[in-house]
Structures are given as structure tokens and as C-alpha cells.
Amino acid sequence: MPRPDAHPGEYAERVLDLVERIPPGRVMSYGDIAEYLGEGGPRQVGAVMSAWGDGVPWWRVLRSDGTPPSGHEVRARRHYAAEATPMRAATGRVDMRRARWAGPDSD
DNA sequence: GCAATGACTGGTA
DNA sequence: TTACCAGCCATTG
């Protein structure tokens with residue numbers, strides 16, 4: 001993973017730019033972002049978010065099954081409630097079928 | 001150079 | 001539904 005004190009590389013810049021474009025109430029999985037950018041993988045996107053995600057709406061990036069980033073579940077759930085993000089009552093996780101955002105092209 | 005690590009995924013049980 | 005597992009790939013020490 002990149003060092004938190006280092007300047008973000010070009011790849012990190014692209015990840016963060018895309019995350020900032022995710023509309024309120026919508027989400028993307030790590031894999032979705034990697035696929036949209038066309039390089040790296042889910043683990044790399046996760047590494048970028050872990051190091052520099054604090055400056056962007058990080059709670060709109062989560063695992064493909066709808067579970068929020070490990071270690072940030074509580075804070076993430078507060079944001080979902082505030083943004084009316086589609087949730088599944090049974091599991092308390094985000095409903096990916098309805099909340100998933102396809103990217104800037106789908107606006 | 002190499003083994004360990006991690007904000008991952010999809011499949012199987 | 002949860003649990004476990006092999007595959008994944010850049011970064012770290």
C-alpha cells in the first residue's frame with residue numbers, strides 16, 4: 001500500500017476523482033471502480049482509499065456485497081441514513097442492486 | 001528478491 | 001443467512 005505521507009500518484013488521482021463524482025444515495029464497489037478505470041484491481045482501489053480516502057465521500061465505496069469498509073461501519077451507516085441510500089432491511093447492508101452507480105456515463 | 005499484507009471477489013458448503 | 005477458500009496484485013519490510 002502507498003505511504004500516507006507520500007503524494008498520490010496518477011492512479012490514486014483517478015480513483016479519488018471518480019469517487020467524488022458518485023452522487024449522494026448511490027455507491028460503487030471497489031471492483032466497479034477498478035473495472036471503470038481499466039487498470040489495477042479491487043485491492044489497489046482499497047489501498048488508495050485507505051491512504052487518501054479521507055478527503056472524498058469514502059462511504060460511497062464499499063464491497064461488492066454491500067458491506068462498508070472494515071473499521072468504518074458505524075460512520076458509514078450514519079451517512080447512508082442521511083443520504084437515503086437503498087438498504088436491505090434483513091442484513092442492514094446497502095442494496096447493491098438499486099444503489100450501484102454505473103459511472104459518470106450513466107448521468 | 002521474497003514472503004507477508006490488505007478498506008477485494010466470486011464460488012462453494 | 002454466515003463461513004471458508006483460492007485467486008488476485010501493488011505495496012512493504
Side-chain angles (χ1 to χ4, degrees):
Chain A
M1 58 174 100
R3 302 200 320 257
D5 57 312
H7 184 276
E10 189 173 325
Y11 179 66
E13 295 273 352
R14 286 212 255 165
V15 172
L16 298 176
D17 279 343
L18 181 55
V19 174
E20 286 178 353
R21 295 170 186 270
I22 303 176
R26 307 301 297 279
V27 301
M28 286 184 82
S29 74
Y30 300 94
D32 289 340
I33 293 176
E35 185 180 356
Y36 183 88
L37 294 179
E39 57 179 314
R43 312 299 299 260
Q44 279 50 249
V45 174
V48 170
M49 294 304 292
S50 179
W52 302 292
D54 51 351
V56 298
W58 53 262
W59 56 90
R60 295 173 191 156
V61 182
L62 64 183
R63 295 174 62 148
S64 62
D65 63 356
T67 52
S70 175
H72 296 267
E73 292 87 351
V74 180
R75 265 169 282 175
R77 282 177 52 166
R78 194 172 63 232
H79 285 289
Y80 300 148
E83 297 181 356
T85 304
M87 304 287 290
R88 291 173 38 158
T91 59
R93 299 178 200 161
V94 173
D95 185 344
M96 293 303 284
R97 285 193 305 187
R98 294 196 292 166
R100 191 186 286 258
W101 187 56
D105 303 326
S106 65
D107 281 336

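Chain identifiers are assigned alphabetically (A, B, ...) following the order of the sequence lines, protein sequences preceding nucleic acid strands; residue numbering begins at 1 within each chain.
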Novice: Does B/dA7 have OP1 or OP2 under 4.0 Å away from a side-chain N or O of A/Ser70?
Specialist: no
Novice: Can a side chain N or O of A/Ser64 be found less than 4.0 Å away from OP1 or OP2 on B/dC8?
Specialist: no
Novice: Mind checking whether A/His79 and A/Trp59 have parallel, tilted or perpendicular rings, split at 30° and 60°?
Specialist: parallel
Novice: Between P on C/dC8 and CD on A/Glu35, what's the gap in Å once rounded to a whole number?
Specialist: 16 Å
Novice: State, with a plain yes or no, whether a side-chain heavy atom of A/Ser29 is found less than 4.5 Å away from one of A/Val45.
Specialist: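 Not touching, per the 4.5 Å side-chain cut-off.
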Novice: Let me know the distance between CZ of A/Arg88 and P of C/dT2, rounded to the nearest Å.
Specialist: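 That distance rounds to 9 Å.
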Novice: Taking atom P of B/dG6 as reference, at what distance in whole Å does atom CG of A/Leu62 sit?
Specialist: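 The distance from CG of A/Leu62 to P of B/dG6 comes to 20 Å, rounded to the nearest Å.
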Novice: Measure the distance from CG on A/Leu37 to P on C/dC9 and round it to the nearest whole Å.
Specialist: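 Roughly 16 Å, once rounded to whole Å.
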Novice: Roughly, in whole Å, what's the span from NE2 in A/His72 to P in B/dG6?
Specialist: 14 Å
Novice: With the side chain counted from C-beta on, respond yes when A/Tyr11 and A/Leu37 share a heavy-atom pair under 4.5 Å apart, and no when they do not.
Specialist: yes
Novice: Taking atom P of C/dC4 as reference, at what distance in whole Å does atom CG of A/Asp65 sit?
Specialist: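 So the CG-P distance, A/Asp65 to C/dC4, works out to 15 Å.
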Novice: Using a 4.0 Å heavy-atom cut-off across all strands, classify A/Gly31 as base, sugar-phosphate, or nothing.
Specialist: sugar-phosphate
Novice: A/Pro42 near the nucleic acid: base, sugar-phosphate alone, or nothing, with a heavy-atom cut-off under 4.0 Å?
Specialist: sugar-phosphate
Novice: Can you tell me the distance, in whole Å, between the CD atom of A/Gln44 and the C1' atom of B/dG6?
Specialist: 9 Å
Novice: Within this structure, what is the CD-to-P distance between A/Glu10 and C/dA10, rounded to whole angstrom?
Specialist: 16 Å
Novice: With the side chain counted from C-beta on, respond yes when A/Val61 and A/Met28 share a heavy-atom pair under 4.5 Å apart, and no when they do not.
Specialist: no
Novice: Below 4.0 angstrom from OP1 or OP2 of C/dG7, is there any side-chain N or O of A/Arg43?
Specialist: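 Checking A/Arg43 against C/dG7: no side-chain N or O falls below 4.0 Å of OP1 or OP2.
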Novice: Name the one of A/Asp54, A/Val56, A/Leu62 that satisfies side chain to side chain contact (heavy atoms under 4.5 Å, CB included) with A/Met49?
Specialist: A/Val56
Novice: Using only side-chain N and O atoms of A/Ser29, determine if any of them is under 4.0 Å from OP1 or OP2 of B/dT9.
Specialist: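 Yes.
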